[in-house]
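The block underneath contains the structure these notes are about, expressed in structure tokens.
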Number of protein chains: 2
Amino acid sequence: MWRMARPRKPLLSRDRIVEAAGALVDAEGLEAVSTRRLAAALGVSGPSLYNHFRTKDAILEAVADAVSARVDLSMFDAVGVADGDGDEAPRGDRGGGARRDWREALHAWAHSYRDALADHPNIVPVLARGPGRRPAGLRLADAVFGAMTEAGWPPAHATRIGALMRYFILGSAVASFARGFVDDEAAYDPVDYPHLGQAHLLAERRREVDKGAFETGLKALLDGLSLQYEALREPRA
Amino acid sequence: MWRMARPRKPLLSRDRIVEAAGALVDAEGLEAVSTRRLAAALGVSGPSLYNHFRTKDAILEAVADAVSARVDLSMFDAVGVADGDGDEAPRGDRGGGARRDWREALHAWAHSYRDALADHPNIVPVLARGPGRRPAGLRLADAVFGAMTEAGWPPAHATRIGALMRYFILGSAVASFARGFVDDEAAYDPVDYPHLGQAHLLAERRREVDKGAFETGLKALLDGLSLQYEALREPRA
DNA sequence: ACCTGAACACCGTTCAAGT
DNA sequence: ACCTGAACACCGTTCAAGT
């Protein structure tokens with residue numbers, strides 16, 4: 001039996017760990033992830049993970065970042081100013097429609113973001129605690145801010161728009177109606193809560209509420225921002 | 001030494017436990033709460049807590065509910081229909097202003113809610129995972145829904161409004177800008193994130209961003225909902 | 001009824017040792 | 001360089017025992 005050559009293939013890699021951790025989070029939730037369980041799923045012993053990540057939390061951050069990375073940002077590429085110098089406007093048959101550019105981009109982005117979160121609801125609490133140092137999270141914040149200033153929003157407004165969209169989108173995932181109310185009719189005593197007769201509806205119905213609320217809220221948000229945008233552009237009304 | 005009489009005073013009570021747990025959460029965060037640490041702060045041994053709560057999680061739920069309980073709901077009492085039967089309208093010198101009732105109530109409530117969360121940011125993740133069976137959380141959802149239907153919103157809309165306000169308010173606390181970005185300038189490489197030059201601003205400045213974003217978002221949301229309300233009331237435009 | 005210490009089955013993380 | 005077992009200082013929770 002000869003001594004094994006040095007470059008034997010590592011059993012683990014950051015990518016493999018993130019993938020397994022993500023699968024575990026999706027399947028069993030955040031609390032189910034322990035270093036020992038995760039390591040077992042990868043066929044190694046617990047401490048091995050520390051050769052690739054400094055802490056368990058760093059692994060969860062990486063899982064969260066992988067979710068952020070799947071959010072489409074391409075709609076922000078072509079966002080230009082409402083009117084005036086048309087060289088920023090996207091080529092295409094929109095005509096004066098370039099006016100609504102930032103609004104449409106925000107709408108499309110919000111949906112892409114929400115879809116990404118809906119695919120991996122269990123990791124959302126980690127995502128929600130902020131971009132911190134996660135590259136994809138920062139890229140996302142950067143893209144929104146850049147597109148809004150490009151569209152003619154003053155920087156201070158662009159910052160606020162980025163933040164308030166974050167509130168709404170992450171809030172819709174973390175404070176979901178479908179996940180927040182229990183399925184048990186007895187929990188909602190009609191004497192204590194006279195208007196909550198519908199709260200215990202079936203899970204399917206509750207998911208519809210979330211979809212409708214997201215759609216309604218997003219439309220209201222964008223309508224309201226459009227009003228502010230117009231007020232900024234034409235100060236004399 | 002005579003045998004001690006039975007009704008000696010209990011060392012613990014649910015209220016004392018909730019108070020101590022809340023203080024610990026506020027001071028050191030959610031992860032700092034262990035049954036042993038909490039018990040020590042109360043001068044008892046760990047297992048004693050289980051005489052008053054079934055699990056550690058039930059204690060945290062009670063802490064969260066205590067925060068919900070401080071949210072003012074009184075503004076929903078006097079909300080009436082926009083026009084028509086004036087017996088629902090609040091007494092007062094508003095004149096036709098009763099029209100905006102639900103909007104003003106929502107605005108005041110959102111601020112009260114946000115203030116309560118801002119006082120205890122560390123418990124927000126527990127609150128955000130839903131009212132579940134927490135009485136104050138349910139009362140809150142009940143009040144919003146009741147007031148919105150009272151104001152003339154169709155039930156399906158009222159449900160959505162309750163949900164989307166939840167998203168925004170809890171999102172503003174859980175996905176806070178101030179808490180989500182690190183204080184370290186080096187984290188935001190201008191090559192990778194060309195628009196993020198301001199992200200590392202001082203904590204104080206970041207809190208202002210959150211305040212502004214909440215205000216801007218809330219106004220946009222209510223403006224947008226007002227548009228929808230008018231469209232519902234006067235279908236022919 | 002309410003509190004205790006001991007115990008169980010877990011944790012995250014460190015570290016010396018192996019290849 | 002990368003993986004291991006042993007060890008440390010913790011966890012949440014149960015339970016028999018005490019008053």
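So that the names make sense, note that chain A is the first sequence line, chain B the second, and so on, each numbered from 1.
In this structure, Phe53(A) places its CZ atom 15 Å from C1' of dC2(D), rounding to the nearest Å. One can place CG of Leu38(B) at 17 Å from P of dC10(D), the figure rounded to the nearest angstrom. dT19(C) atom C1' lies 13 Å from atom CG of Asn51(A), rounded to whole Å. Atoms CG (Leu49(B)) and P (dG5(C)) sit 13 Å apart, rounded to a whole Å. Computed from coordinates, the Lys9(A) NZ to dT19(C) C1' distance equals 19 Å when rounded to whole Å. Taking atom CZ of residue Arg37(B) and atom P of nucleotide dG12(D), one finds them 11 Å apart after rounding to whole Å. The distance between atom CZ of Arg14(B) and atom P of dC3(C), rounded to the nearest whole Å, is 14 Å.
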Between the protein and nucleotides 13-15 of chain C, are there any N/O to N/O pairs under 3.5 Å, and if so, what are the atom names and distances?
from, atom 1, to, atom 2, distance (Å)
dT13(C), OP2, Tyr50(A), OH, 2.5
dT13(C), OP2, Lys56(A), N, 2.8
dT13(C), O5', Tyr50(A), OH, 3.2

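Side chains of Ser74(B) and Asp72(B): a donor on one and an acceptor on the other come within 3.5 Å.
At a threshold of 4.5 Å between non-hydrogen side-chain atoms, the residues Leu11(A) and Ser48(A) do not count as touching. Between Thr216(B) and His157(A), every side-chain heavy-atom pair lies at or beyond the 4.5 Å cut-off. At least one side-chain heavy atom of Val126(A) sits under 4.5 Å from a side-chain heavy atom of Leu30(A).
Within residues 20-34 of chain A, no residue approaches DNA chain D, by heavy-atom distance under 4.0 Å.
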Q: Map every base of DNA chain C to its dot-bracket character, where paired means a Watson-Crick or G-U wobble contact with both distances under 3.5 Å and | marks a partner outside the strand.
A: ||.|||||...|||||.||

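The existence of a salt bridge linking Glu19(A) and Arg16(A) is excluded, since no basic side-chain nitrogen approaches an acidic carboxylate oxygen closer than 4.0 Å.
Residue pairs that meet the ring-ring contact (aromatic ring centres under 6.0 Å, His included) test with at least one member in residues 105-133 of chain B, sequence neighbours left out, are Phe76(B)-Trp109(B), His107(B)-His111(B), Trp109(B)-Tyr113(B), His111(B)-Phe214(B). Each side chain to side chain donor-acceptor pair (under 3.5 Å) pair with one or both residues in residues 51-66 of chain B, not counting sequence neighbours, appears once here: Asp57(B)-Arg129(B), Glu61(B)-Arg129(B), Glu61(B)-Arg134(B). Counting only residues at least two apart or in different chains, side chain to side chain donor-acceptor pair (under 3.5 Å) contacts with residues 160-181 of chain A comprise Asn122(A)-Arg179(A), Tyr167(A)-Asp210(B), Ser176(A)-Asp210(A).
Put simply, Ser48(A) has no side-chain N or O that comes within less than 4.0 Å of OP1 or OP2 on dC3(D). Distances shorter than 4.0 Å separate some side-chain N or O of His52(B) from OP1 or OP2 on dC3(C).
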Q: Take Arg37(B) and Val33(B), measure what side-chain contact (heavy atoms from CB on, under 4.5 Å) needs, and give me the verdict at the end.
A: CA-CA 7 Å; Arg37(B) 286 248 272 149; Val33(B) 182; over 6 Å; no

(Q) Let's go through Met165(A) and Leu218(A) carefully: what are the C-alpha distance in whole Å and the side-chain angles of both, what is the deciding distance for side-chain contact (heavy atoms from CB on, under 4.5 Å) to 0.1 Å, and is it a yes or a no? (A) CA-CA 9 Å; Met165(A) 291 297 291; Leu218(A) 180 58; 3.9 Å; yes

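Checked against His195(B) for a side chain to side chain contact (heavy atoms under 4.5 Å, CB included), the options Asp142(A), Thr159(A), Val144(A) give a single hit: Asp142(A).
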